[in-house]
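Heads up: the structure comes next, in structure tokens.
Only this structure's heavy atoms are used, side chains among them; waters, hydrogens and symmetry mates stay out. Small disclaimer: the values here were computed from a predicted structure and weren't measured.
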Amino acid sequence: QLQLVESGGGLVQPGGSLRLSCAASGDTLEYYAIGWFRQAPGKEREGVSCINSRDASTYYADSVKGRFTISRDNAKNTVYLQMNSLKPEDTAVYYCAAFTAGYWGQGTQVTVSS
């Protein structure tokens, strides 16, 4: 059974950077496509980025293209989301998920504020 744990969230100033981690246990991430999602209070959950676990092909929402980078480290069984040039509108709880299989992490809070 796959378990996912996000980490790396926190408070950062506009223009700053954070790297989120999605650490897997119970199974290898190589079997799954992994997506990052976010949800702010009063707003719908939105997809941010995803990575195919076999060939590492990637997808990015238009709102984060050029600023965020998703990557995979198979040796660490971890997927990362490097977040640069952060904006206040990036503030949300970020979740990683093997979404096609129904496995979700607990979320990590990202707050972008001066």
Revision key, fill the gap. Interatomic distance, CD1@Ile34 vs SG@Cys50, rounded to 0.5 Å, equals 10.0 Å
Check your understanding: Going hydrophobic residue to hydrophobic residue with side-chain gaps under 4.5 angstrom, can you get from Leu86 over to Ile70?
Key -> yes
Point to revise | Path from Tyr80 to Tyr60 over hydrophobic side-chain contacts below 4.5 Å | key: no
Review point. Among the clusters formed by ILVMFWY side chains lying less than 4.5 Å apart, do Leu29 and Tyr31 turn up in the same one?
Key: yes
Check your understanding: Do Ser7 and Thr108 come within less than 4.5 Å of each other through their side chains, counting heavy atoms only?
Key -> no
Review point. Okay, side chain of Thr91, backbone of Val112: is any donor-acceptor separation there less than 3.5 Å?
Key: yes
Study note, to complete from the structure: Rounding to 0.5 Å, atoms CG (Leu18) and CD (Gln82) come to a distance of 8.5 Å
Point to revise | ring-ring contact (aromatic ring centres under 6.0 Å, His included) assessment of Phe68 paired with Trp36 | key: CA-CA 11 Å; Phe68 291 9; Trp36 285 96; 9.8 Å; no
Review point. Between Phe37 and Leu2, is there a shared hydrophobic cluster once you connect ILVMFWY residues whose side-chain heavy atoms come closer than 4.5 Å?
Key: no
Review point. Does the side-chain contact (heavy atoms from CB on, under 4.5 Å) test come out yes or no for Leu20 and Glu6, once each step is laid out?
Key: CA-CA 7 Å; Leu20 305 184; Glu6 303 96 332; over 6 Å; no
Revision key, fill the gap. Tightest non-hydrogen contact, residues Ala61 and Gly47, listed as CB-O, 3.5 Å
Point to revise | Sidechain-backbone polar pair: Ser49 side chain, Tyr59 backbone, donor-acceptor under 3.5 Å | key: yes
For residues 93-100, dump all side-chain donor-acceptor pairs below 3.5 Å to protein atoms at least two apart in sequence or in another chain.
from, atom 1, to, atom 2, distance (Å)
Tyr94, OH, Arg38, NH1, 2.9
Tyr94, OH, Asp90, O, 2.6

Review point. Could you give the distance from CG (Leu4) to OG (Ser21), rounded to the nearest 0.5 Å?
Key: 12.5 Å
**Study point:** Least distance between heavy atoms, Ala92 atom then Ala40 atom
**Key:** CB-N, 3.9 Å
Check your understanding: From Arg72 CZ over to Asn77 CG, what is the distance, rounded to the nearest 0.5 angstrom?
Key -> 10.5 Å
Review point. Has the side chain of Gln106 got a donor or acceptor atom that lies under 3.5 Å from a matching backbone atom of Val5?
Key: no
Review point. What are the two closest heavy atoms between Ser17 and Ser85, and how far apart are they?
Key: OG-N, 4.3 Å
Review point. Which pair of heavy atoms, one from Asp27 and one from Ala24, lies closest together, and at what distance?
Key: O-CB, 4.2 Å
Check your understanding: Atom CD in Glu46, atom CD in Glu44: separation rounded to 0.5 Å?
Key -> 9.5 Å
